[in-house]
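Shown next, in structure tokens, is the structure this report addresses.
A, B, ... follow the sequence lines: proteins, then strands. Residue 1 opens every chain.
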Amino acid sequence: MVNTEVVLSGITLTNPVIPASGTFGFGAEFAQLYDINILGSLSFKGTTVEERFGNPTPRIAECSSGMINSVGLQNPGLKAVCEHELPKLATLYKKPVIANISGFSIEEYVECAKAMERQESVGIIEVNVSCPNVHGGGMSFGVDAKAAAEVTRAVKAVSKKPVYIKLSPNVTDIVSIALACEDAGADGLSLINTLYAMRIDLKTKKPVLANKMGGLSGPAVFPVALRMVYQVFEAVKIPIIGMGGVAAAEDVIEMMLAGASAVQIGAANLKNPVACKEIIEDLSRVMEKYRISSLSEIIGGAH
Amino acid sequence: MVNTEVVLSGITLTNPVIPASGTFGFGAEFAQLYDINILGSLSFKGTTVEERFGNPTPRIAECSSGMINSVGLQNPGLKAVCEHELPKLATLYKKPVIANISGFSIEEYVECAKAMERQESVGIIEVNVSCPNVHGGGMSFGVDAKAAAEVTRAVKAVSKKPVYIKLSPNVTDIVSIALACEDAGADGLSLINTLYAMRIDLKTKKPVLANKMGGLSGPAVFPVALRMVYQVFEAVKIPIIGMGGVAAAEDVIEMMLAGASAVQIGAANLKNPVACKEIIEDLSRVMEKYRISSLSEIIGGAH
Amino acid sequence: MKKEIFTIVSNRKLTDSVFKMTLCGDTSAITAPGQFVNIELEGLYLRRPISVCDLEGERLTLIYKAVGKGTEQMSAMGKGEALDILTGLGNGYDTANSGACPVLIGGGVGVPPLYLLAKKLIGEGKNPKVILGFNTALEVFYEDEFCALGIETFVTTVDGSHGIKGFVTDALKSCGEYSYTFSCGPEPMLKAVYNESLTDGQFSFEERMGCGFGACMGCSCKTKYGYKRICKDGPVLEKGEIIW
Amino acid sequence: MKKEIFTIVSNRKLTDSVFKMTLCGDTSAITAPGQFVNIELEGLYLRRPISVCDLEGERLTLIYKAVGKGTEQMSAMGKGEALDILTGLGNGYDTANSGACPVLIGGGVGVPPLYLLAKKLIGEGKNPKVILGFNTALEVFYEDEFCALGIETFVTTVDGSHGIKGFVTDALKSCGEYSYTFSCGPEPMLKAVYNESLTDGQFSFEERMGCGFGACMGCSCKTKYGYKRICKDGPVLEKGEIIW
Ligand SMILES: Cc1cc2nc3c(=O)[nH]c(=O)nc-3n(C[C@H](O)[C@H](O)[C@H](O)COP(=O)(O)OP(=O)(O)OC[C@H]3O[C@@H](n4cnc5c(N)ncnc54)[C@H](O)[C@@H]3O)c2cc1C
Ligand SMILES: Cc1cc2nc3c(=O)[nH]c(=O)nc-3n(C[C@H](O)[C@H](O)[C@H](O)COP(=O)(O)OP(=O)(O)OC[C@H]3O[C@@H](n4cnc5c(N)ncnc54)[C@H](O)[C@@H]3O)c2cc1C
Ligand SMILES: Cc1cc2nc3c(=O)[nH]c(=O)nc-3n(C[C@H](O)[C@H](O)[C@H](O)COP(=O)(O)O)c2cc1C
Ligand SMILES: Cc1cc2nc3c(=O)[nH]c(=O)nc-3n(C[C@H](O)[C@H](O)[C@H](O)COP(=O)(O)O)c2cc1C
Ligand code: FES
Ligand code: FES
């Protein structure tokens with residue numbers, strides 16, 4: 001018998017497999033196909049203070065081994081999430097969830113964090129710092145160590161729950177940003193968000209996405225994500241949730257060897273709605289194949 | 001009849017297809033399979049002042065839709081390239097070639113540029129700024145606008161031939177680096193070099209590459225490369241050679257619509273040694289399909 | 001929604017670029033005409049959404065136009081090959097308010113879902129008629145199949161090479177009375193039907209999809225009653241909620 | 001080098017994880033034993049290098065061990081399927097200086113290229129013998145085939161379950177006189193043969209490859225006479241140039 005348990009900031013997960021924010025909605029669609037209580041945890045759709053439609057459509061483009069999305073954080077807003085979505089989710093999923101929050105100013109992050117702090121079902125607050133900073137010239141919070149640290153400090157000030165900062169990969173030096181977040185009090189880090197990318201439609205000769213550019217995810221980004229997890233693991237002491245292109249149990253193990261304490265699955269859920277289930281079911285076979293008896297023991301094992 | 005001609009800094013290419021540096025050696029292996037004179041041009045293996053073995057092996061890792069290399073600029077050194085490789089290449093290929101040069105200090109870049117300046121067969125000098133700057137703390141020249149501009153200025157000072165700076169994609173803001181190079185006198189830009197990435201071997205539980213990390217290329221990086229070409233095209237006035245994951249005639253056209261005046265083909269040559277030939281032969285069919293009569297007219301057409 | 005493996009029973013050309021594929025598998029999740037399936041194809045990252053054209057027991061019929069990598073790959077497949085398909089996606093058409101003589105309006109590859117819809121309406125004792133719009137005679141398909149259902153079938157071609165010359169809306173004006181419209185086709189056609197039809201109706205939309213089952217918000221659109229996902233809350237929208 | 005499409009004639013198990021595939025196609029670029037081919041496989045970015053085991057006209061035989069994605073995919077392929085293959089890669093063994101009675105030493109899936117080499121040496125009127133090393137009896141393959149060539153064949157297993165108990169170097173000590181060694185196998189085996197053999201010889205190496213035909217410098221190694229590419233200047237190196 002292999003042991004798939006891992007611990008994130010004191011919260012024990014039966015396995016490290018967590019659907020990534022924005023690719024699992026609030027779980028309902030997947031609960032139709034399998035009992036989602038098998039999941040280690042679940043990171044729900046990125047929530048902002050106000051309801052958002054997001055970017056104009058088309059907002060999906062296909063790539064080799066991946067896809068680009070420019071959804072732009074469509075969500076029903078903080079109030080509706082807390083009043084409607086989380087109670088519904090609580091009927092489907094009984095374990096602590098990960099609250100993915102976003103904002104365009106420090107105040108918005110703080111407001112979301114405060115509300116999530118009050119939600120019993122929320123185990124971890126995951127702060128997506130990939131949004132443009134409207135008070136800081138439109139550059140994403142996540143590409144600037146100072147801005148990322150500022151968000152971290154502000155959210156930590158209002159949260160007793162563990163706060164994980166979700167980092168953008170579109171940076172020269174991910175380690176410096178990770179360190180800035182750790183110094184500012186982050187309890188953990190999630191990485192990576194999507195890689196900034198685009199496609200052009202040969203028929204129309206214009207960008208496929210109405211928004212022109214969007215975020216690439218899927219197996220294409222896995223080697224970049226793995227590298228960043230590996231680099232950040234060497235620099236920080238706080239736990240890392242690794243993600244980016246994970247699509248099989250083997251990938252989960254590779255991510256953990258690089259330094260991830262748990263792993264999120266994003267685009268794979270869209271391509272195959274039972275991806276997380278299949279990965280979880282396959283984990284013990286793959287662990288045995290590679291003679292791993294306990295997953296938590298391999299974290300960072302490649303260093 | 002479609003027109004596939006494009007012009008780079010006054011040099012007319014019969015078509016925009018150019019094998020990328022490091023994936024075509026000095027042409028000999030490919031000349032066994034087809035007449036390489038069909039190529040628009042040819043960027044030869046990155047040359048440094050001293051002979052280099054490069055990094056320890058293994059230095060290749062496979063990924064979904066791509067590969068990582070950590071070759072580390074193996075080359076016979078400037079003298080041998082000029083005395084042996086280029087004369088041999090001149091017997092196989094009659095058009096102007098692109099001299100890809102690298103260095104670990106400004107002086108090394110300058111020495112390479114001076115030597116290439118004297119080579120009759122060299123049409124363009126392509127300056128790879130992805131090497132670590134040994135006098136500047138080991139950070140790559142290419143991730144710092146100031147360092148990239150400094151290299152550009154120094155190389156321009158000794159070159160009458162057009163100088164193209166080859167940019168690294170591992171940066172927060174490719175546009176600022178492109179602009180710094182343009183301001184410093186670059187005649188053109190080549191982008192992208194490889195994305196920093198890694199893989200771990202589940203059997204050994206250690207990095208696949210002896211060097212741990214390396215550069216990802218192949219179709220996986222195409223949407224990132226396309227985005228960068230698109231962004232840089234909006235900012236600069238000098239021509240762009242686009243590359244990163246191009247593997248088919250359709251991709252050449254997509255790159256040109258994004259803003260590339262010509263296109264380099266890298267990893268595709270390794271997977272399929274007749275890739276460039278097939279792409280060139282397919283170009284006119286694809287142009288007709290998408291009603292393009294002249295390639296040079298579509299450059300930046302998606303903007 | 002179900003995720004099932006289907007086996008190709010047949011796959012043949014209807015026109016130069018339109019193909020009809022019959023598959024065998026578990027169709028139990030398909031509950032309404034106008035729903036669609038989402039097909040996984042070798043080497044392509046995203047699934048391809050195709051409307052259910054017909055359904056009989058385990059037999060599923062799809063009609064698709066080869067327009068790109070995915071549909072071209074489908075067109076090259078043969079009997080016995082297997083496909084991984086998500087079935088029972090989308091809301092489909094609701095026939096409750098159709099009245100006695102609804103008109104079904106399809107343009108190009110918007111025609112297929114109307115076939116199962118017509119069968120359902122006939123089964124409900126209604127008297128539907130159908131307008132099929134194409135560019136030219138060579139592109140026409142499924143005219144005979146609709147006729148064989150015993151319903152009045154109008155075909156329009158833009159160049160007049162077959163049937164009525166003009167657009168589906170030209171036929172709509174001359175097809176006699178109708179109680180309701182059900183339409184599917186390119187957006188300009190839907191908009192024309194929306195503007196020129198005299199009754200209430202339902203319209204089926206297309207959008208680029210990430211998942212096809214409501215998880216990614218890739219396919220959202222704004223309606224008068226809030227944001228809807230084309231893949232889950234659609235693809236069929238009521239006339240009264242559409243914002244163009 | 002040539003890039004050719006080959007058709008699988010047969011593909012069958014030799015041991016639990018070792019398979020023998022026979023293909024038909026243009027083999028004209030293959031000029032020496034010890035050369036290899038590089039095989040494109042569906043969905044995998046890099047080709048897979050496999051040594052030429054045997055060659056007769058258009059017939060090419062490969063023996064491979066299923067150790068990962070690519071070789072597992074190969075093991076599931078059947079008669080009639082096509083493969084895109086680069087042939088005639090690498091230098092191969094040079095038999096010019098082998099003397100009258102060379103010994104061929106193979107370990108595991110290092111055994112296959114020795115088969116064509118043995119045939120060539122026999123054809124040259126030489127009297128080769130062969131040592132095949134495996135871990136255990138269940139892993140042994142091609143013993144009969146080498147015997148059928150009429151040459152002295154020693155098999156070693158680490159656990160002694162078949163043939164001589166021990167390593168190939170144990171057999172080398174007891175196999176009688178030899179004029180030269182040709183070896184292929186895992187690096188520790190090559191090193192042991194290098195250290196314990198009494199004659200000159202040639203050694204075939206493996207390395208992770210980008211291209212397999214000399215273009216990328218992915219597979220370089222240092223030798224006493226400069227840098228060499230395993231794929232092009234190798235995979236066979238002379239004893240005198242090897243640096244461990
Ligand atoms: C609900 C729904 C039902 C459909 N029913 C049918 C049908 O019954 N018959 C039929 O022929 N076609 C139908 N389509 C359109 C069909 O999905 C596209 O033609 C197909 O996805 C094109 O794929 P491709 O790989 O051939 O083209 P490519 O252009 O190579 O595809 C590239 C990407 O764009 C997407 N895409 C391209 N065109 C469309 C489109 N029109 N709608 C949505 N996504 C698109 C593809 O899915 C893919 O992700 C339907 C679309 C939707 C949304
Ligand atoms: C010149 C040469 C000749 C060979 N001849 C044979 C032979 O006759 N029979 C045989 O069974 N094997 C042979 N091999 C080894 C064979 O190439 C590998 O077992 C095979 O590439 C593994 O691929 P995979 O997808 O199954 O494994 P994976 O581990 O999934 O492969 C991942 C990547 O690593 C590479 N790789 C893995 N193992 C090796 C290896 N040992 N050498 C080089 N690259 C590797 C793969 O090519 C691929 O790029 C030879 C290798 C070389 C270099
Ligand atoms: C359609 C889509 C929507 C996403 N929405 C969010 C989001 O709301 N918040 C967030 O932090 N990340 C979001 N992401 C990023 C994913 O959570 C994940 O970081 C990324 O996709 C990389 O993982 P993958 O390659 O497994 O998809 C989204 C990704 C996709 C594909
Ligand atoms: C094996 C290998 C070696 C390379 N060597 C060089 C080099 O010497 N100089 C350089 O500027 N780029 C080098 N590159 C980068 C390519 O020229 C190209 O920028 C990159 O691979 C992206 O293109 P692709 O996706 O088509 O491969 C190398 C790439 C590969 C795969
Ligand atoms: S395509 Fe994912 S929600 Fe509609
Ligand atoms: S593998 Fe490319 S040079 Fe050897």
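For residues 221-242 of chain D, the interface with chain B (any heavy-atom pair closer than 4.5 Å) comprises D/Cys221, D/Lys222, D/Tyr227, D/Arg229, D/Lys232, sorted by residue number. Below 4.5 Å, heavy atoms of chain B meet heavy atoms from D/Leu46, D/Arg47, D/Arg48, all part of residues 46-63 of chain D. Contacts between residues 28-36 of chain D and chain B, counted as heavy-atom pairs separated by less than 4.5 Å, involve no residue at all. Close approach to chain D, defined as a heavy atom under 4.5 Å from one of its heavy atoms, is seen in B/Gly218, B/Pro219 of residues 214-226 of chain B, taken by number.
Closest approach of B/Lys271 and D/Leu44 over heavy atoms only: NZ-O, 3.1 Å. Heavy-atom minimum distance, B/Ile60 versus D/Arg208: O-CD, 3.6 Å. In terms of heavy-atom proximity, D/Glu207 sits nearest to B/Thr57 at OE1-OG1, 3.1 Å. Among all heavy-atom pairs drawn from B/Cys63 and D/Tyr45, the shortest one is O-CB, 3.7 Å. Scanning all heavy atoms of the two residues, the minimum distance from D/Leu86 to B/Pro273 falls at CD2-CG, 3.6 Å.
Shown here is D/Asn195, whose CG atom has more than 12 heavy atoms of other residues, nucleotides or ligands within 6.0 Å. Around OH of B/Tyr93, the count of heavy atoms belonging to other residues, nucleotides or ligands within 6.0 Å exceeds 12.
Looking at heavy atoms from C-beta onward, B/Asn69 lies out of side-chain contact with D/Cys216 at the 4.5 angstrom threshold.
When the candidates B/Thr23, B/Asn55, B/Val274, B/Val71 are compared by the number of heavy-atom contacts under 4.5 Å with chain D, B/Val71 comes out ahead. Among D/Gly210, D/Ser220, D/Cys211, the residue with the largest count of heavy-atom pairs under 4.5 Å with chain B is D/Ser220.
Contact annotation for B/Glu29: both backbone and side-chain heavy atoms come within less than 4.5 Å of a heavy atom of chain D. Proximity to chain D is absent for every atom of B/Phe26, based on heavy atoms less than 4.5 angstrom apart. Heavy-atom distances place no part of B/Asn75 under 4.5 Å from chain D, backbone and side chain included. With a threshold of 4.5 angstrom between heavy atoms, B/Ala28 does not approach chain D through any atom at all. When heavy atoms are compared at a cutoff of 4.5 Å, B/Phe53 approaches chain D by way of both its backbone and its side chain.
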